[in-house]
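First up is the structure itself, then whatever we jot down about it.
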Amino acid sequence: MIVPYVVVRSNNLPLETLNALTRSEQVEGLAAEIAGLRGELALLREPACEQLYRLASQDSERYRTLIDLKRRLQRDSPIPQLLERHGAMLDTLPGLQDWTRAARRLMALEQALDSVFESELTLARRCAQSLADQPCFRHATAFTRGQIAASVTDYIEGRRFEDKKTLNDEETVYRYLTRAVTKASPFSSFTSIGFARLAPDAGRQVHRSRDIGHRYSYDRATLLKLYERFVIRHKHYWFYRLTANQIEEEDSRLMYLFMDRADVYPYRTSFAKTRAPAGTEALHAALGAEWLSWPQLDAMLPIAMDRDALVAKWINAGLLNYTPHLNEQARDLVSDFLKVAELVATGDEAARPVVDGLRRVQSIYRALHEAEASTLPALTEAINAEIQALAQQLGYRPIKTSGLVYHDSYLDGLSTVDQADIGRFAGQTEEFLHGYLGCNFRDGFHHDTLAALRAALPPGEAISVFAFHDIAQRCLSVEANGGHAGGAQTALLALYAEVWHRRDETLIQLAPRALPEVQPRKAFAAYGHVVGRQFVLNNIDSGFLRCFSRFFAFTDDPGVLDECRAAYGDALDGAHDFYDTFGFNTACRPRICRGRVWLDRAESPTEHDVALADLDVVWPEDQAYPSLRNRRDGQAVTLRHTALFISSLYPRLLETLLRFASVEEPCYFAFRFGLYKLVADHGQQEVIRFPRVCYRDLVLSREQWWIPKAQLPQRTPGEASANYFRRIDSWRREVGLPQRVFVRRHQLSKVLDRDISNSKKPLFLDFSAPIMSRMIGRVFNTGFDYLSVEEMLPDHQHDFVSDGDRHYASEIIFEQASAEERPAA
């Protein structure tokens, strides 16, 4: 069945502003006519040269002049020079009238283009300044990187656009503006989010309210790190226990630690294995106690060690747990932090500045929800400053500059979506998933790997998740080094082989493939755009409300979530999840699965929760894959990861467990990853075009061009924008690129990686927009190996969301719930 709601992501600036923002219509018209005339002159050149040769052979007096003109014409000399030198004569020569007329028209058009280029550039700037001053845009920039809001303010007030800083600011603002109009991006405060119910015979277009309710959250990862430093600073007030994540191996004790990584901001994203530190024998002997007070712990620490430094090191490494601990699922972490800090401050005045700082943070946070858009930048800067001040007091250097997580604003009052349309798209996506991708199209295991893993496990025995992880990593590393494709990737490789073989076609229409009569239904979510009768697919992701979870954080109304959970029944009620601060959006999310797997026993689990150290892995002979079991009650534990999963932001152990838990379910798929692999394997430095790829009513892949950086026209130092525009225009017409496109930059070292860097985000380019000429040159000059250029589909004339008067670029996400078995046809 289809989950009864679809997520609707809609941009906050209307599509109608795009033409005024680019001011490319007149420029494109002139440039197209110029290109047509240049083509006409190219066809006329050879006949004109032959005519000049004949005339020269019959006119001895003007022989040298005519031959000079012929040679210059053959060398394709600039037309203004030819007309200036020989214009009067050309007007009188028989058989040269067509070439001369086209040449004079071309010169007039190029002069007109120079004039229009400058005037349209001025008008585009005025439009950009006006749009940038819109309340919804000022609100959005307040939740981007700190300097963006200041750049927007400076740009709005700017009158001269000459110095490098002003022009760089213009490019930055313009990129955000075009994104806010054209691209419904995830994690974007330029986008509004809502839930539209599926209904029979509903109108296809979804109408949005004009009101935007704002939602903000504290960055929970930063708050947990600040609390951790507070614990270290005032360690006498806590109780302690060594991590339960350890196993005995031969004559030593191995500790499995969850730590931070300096290159990403989420909390506890790294995983390491180490031997138990020397001098901790007494601590291990005391593990049977509930908790150790500071005097008890202090008495057991090695005498020769710096106790303060040692405790700080152990806490930072995740080796030493403490209580009271902040519950990261609590809705208001700052209030919980403040309660603990106030208790500490009653006996230790050194904690008073932290109490005062947390109170100021609370006060500013409350003001945010009542603030006008114009005051948001100042308020967010104030709350960021308070978080930074707290960090400085506690000796912590935050990885993030912002103390807030921005949310996509919540869309209220969405109309319903046609159930038949979504059902048709879901059915066809399911066919494509099973027929062309295989089951788990990203993380399938090679059969040799599974055989090696089974052979390495103790037969018929349960082992801890830590021991299993060690064995699995050894087997997986052999698979990775051997270059084996996953067992479920055979169909996927065949798909891309077909695309490569058919790349010279105008359109690739894949043959329909029916589902088997009896087929386990897979849960998946599909992201994309409704365009007429088609669904333009961006990517397919796992189901079980994993993709929905980020958006449920934006509303306090549980009704939508309850209905969506009900679509899964026992699949979520009987499952466990990791709910923690991994991923991009470390906001408070509702619990979707009933149970939770805690990373350690430092927390107080509810009835349905389990600690990681209580999990065993078993692999019965009649099962295809290993499974989890709760050692304490012998019950099976099913993992359903229901938050955004990017493996680079997760501890390796959790990645291993989640990969096996979802081995029979779809994982993340975007068509462009395989296309880049085809380009990289081809290895030639040439432009490679892939046609649009369709399956029934699904557009699986937009028309794309993959261009090596060496093939891009680079702007020369000091080159005027209008001159560079002419070169770009000539180049892109020769390659066959559309006027409006999205581009991504790619590195060969990250082929097939789900790269999340800024350089991989799609950029909107209008090749005929004067204001974008400088920006295009700078994009082309950044560090990458290939540029992928993608047709703008849907373009600015397609929309799914309106407010009655205006239309908005939009993306929908629908999800198919899983069922035990598909009935026979």
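Residues take their numbers from the sequence shown, with the count starting at 1.
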Which atom names give the shortest non-hydrogen contact between [X] and [Y], and what distance separates them?
| X | Y | answer |
| --- | --- | --- |
| Val181 | Pro14 | CG1-O, 3.6 Å |
| Pro651 | Arg268 | CG-O, 3.2 Å |
| Leu21 | Ala124 | O-CB, 3.6 Å |
| Gln362 | Ser335 | NE2-OG, 2.7 Å |

Do the side chains of [Y] and [X] get nearer than 4.5 Å, heavy atoms only?
| X | Y | result |
| --- | --- | --- |
| Asp541 | Ile813 | no |
| Arg565 | Leu545 | yes |
| Leu13 | Cys136 | yes |
| Leu765 | Met775 | yes |
| Leu411 | Ser10 | yes |

| Are Tyr267 and Glu228 linked by a side-chain donor-acceptor pair shorter than 3.5 Å? |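 There is such a pair between these side chains.
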| Can His807 and Ser802 be counted as having a side-chain donor-acceptor contact under 3.5 angstrom? |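 There is no such pair (donor and acceptor under 3.5 Å, judged by atom type) between the side chains of His807 and Ser802.
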Does this structure show an ion pair linking [X] with [Y], if we count only N-O contacts that are shorter than 4.0 Å?
| X | Y | value |
| --- | --- | --- |
| Lys165 | Asp169 | yes |
| Glu386 | Arg360 | yes |
| Arg9 | Glu811 | yes |

Qualifying residue, where the test is side-chain contact (heavy atoms from CB on, under 4.5 Å) with [X] and the options are [options]:
| X | options | result |
| --- | --- | --- |
| Thr172 | Thr141, Val152, Ile148 | Ile148 |
| Phe137 | Asn12, Leu177, Leu131, Ile156 | Leu177 |
| Leu358 | Leu226, Ile387, Leu390 | Leu390 |

| Between Phe271 and Phe258, what is the ring plane arrangement, given parallel below 30°, perpendicular above 60°, and tilted in between? |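 Because their plane-to-plane angle lies in the 30° to 60° range, the rings of Phe271 and Phe258 count as tilted.
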| field | Whether His641 and Tyr650 hold their rings parallel, tilted or perpendicular, with breakpoints at 30° and 60° | value |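 Rings of His641 and Tyr650: perpendicular, over 60°.
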Atom [atom1] in [X], atom [atom2] in [Y]: separation rounded to 0.5 Å?
| X | Y | atom1 | atom2 | value |
| --- | --- | --- | --- | --- |
| Leu333 | Leu224 | CG | CG | 6.0 Å |
| Asp573 | Arg594 | CG | CZ | 4.5 Å |
| Cys593 | Leu572 | SG | CG | 5.0 Å |
| Trp291 | Arg241 | CH2 | CZ | 4.0 Å |
| Asp219 | Ile383 | CG | CD1 | 11.0 Å |
| Arg601 | Thr323 | CZ | OG1 | 15.0 Å |

| query | Quick one: salt bridge (Lys or Arg N to Asp or Glu O under 4.0 Å) pairs with a partner in residues 333-355, sequence neighbours left out? | reply |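 As it turns out, the salt bridge (Lys or Arg N to Asp or Glu O under 4.0 Å) pairs with a partner in residues 333-355, which skip direct neighbours, are Glu342-Arg359.
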| task | Write out all pairs satisfying salt bridge (Lys or Arg N to Asp or Glu O under 4.0 Å) with one or both partners inside residues 128-137, taking only residues at least two apart or from two chains. | result |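 The answer is Asp133-Arg138.
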| Given Val3 and Leu198, is the side chain to side chain contact (heavy atoms under 4.5 Å, CB included) satisfied, shown in steps? | CA-CA 8 Å; Val3 172; Leu198 297 181; over 6 Å; no
Listed by chain and number, what are the ring-ring contact (aromatic ring centres under 6.0 Å, His included) partners of [X], not counting sequence neighbours?
| X | result |
| --- | --- |
| Phe161 | Tyr155 |
| Phe578 | none |
| Tyr174 | none |

| task | Mind running salt bridge (charged side-chain N to carboxylate O under 4.0 Å, His left out) on Glu563 and Arg197 for me, showing each step along the way? | result | CA-CA 10 Å; Glu563 287 189 58; Arg197 177 189 287 274; 2.8 Å; yes
cation_pi([X], [Y]) dist<6.0 Å, angle<=45:
| X | Y | result |
| --- | --- | --- |
| Arg208 | Tyr808 | yes |
| Lys183 | Phe764 | no |
| Arg596 | Trp598 | yes |

| query | For Tyr396, does the OH atom have more than 12 heavy-atom neighbours from other residues, nucleotides or ligands under 6.0 Å away? | reply |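 More than 12 within 6.0 Å, yes.
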| field | Full working for side chain to side chain contact (heavy atoms under 4.5 Å, CB included) between Val779 and Arg175 | value | CA-CA 11 Å; Val779 169; Arg175 287 188 191 185; 3.5 Å; yes
Does [X] have its ring centroid less than 6.0 Å away from the ring centroid of [Y]?
| X | Y | result |
| --- | --- | --- |
| Phe195 | Phe552 | yes |
| Phe230 | Phe337 | yes |
| Tyr365 | Tyr218 | yes |

| Judged by atom type as modelled, is there a donor-acceptor pair below 3.5 Å linking the side chain of Arg229 to the main-chain atoms of Gln393? |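 No, Arg229 side chain to Gln393 backbone: no donor-acceptor pair under 3.5 Å.
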| query | Within the distance-only criterion (no hydrogens, no angle test), does the side chain of Asn11 pair as donor or acceptor with the backbone N or O of Ala180 below 3.5 angstrom? | reply |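 The answer is yes, because a donor-acceptor pair under 3.5 Å joins these two groups.
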| request: Show the numbers, then the answer: is there a side chain to side chain contact (heavy atoms under 4.5 Å, CB included) between Leu763 and Phe742? | output: CA-CA 5 Å; Leu763 293 174; Phe742 284 98; 6.0 Å; no
| field | Trace of the salt bridge (charged side-chain N to carboxylate O under 4.0 Å, His left out) decision for Asp308 with Lys235 | value | CA-CA 9 Å; Asp308 292 345; Lys235 56 184 175 296; 2.6 Å; yes
| task | I would like to know whether Lys313 and Leu319 meet side chain to side chain contact (heavy atoms under 4.5 Å, CB included); could you show each step before the answer? | result | CA-CA 8 Å; Lys313 179 180 178 180; Leu319 175 66; over 6 Å; no
| said: Checking Ser542 now: which residues fulfil side chain to side chain donor-acceptor pair (under 3.5 Å) with it, not counting sequence neighbours? | reply: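 Counting only residues at least two positions away or on another chain, Ser542 forms no side chain to side chain donor-acceptor pair (under 3.5 Å).
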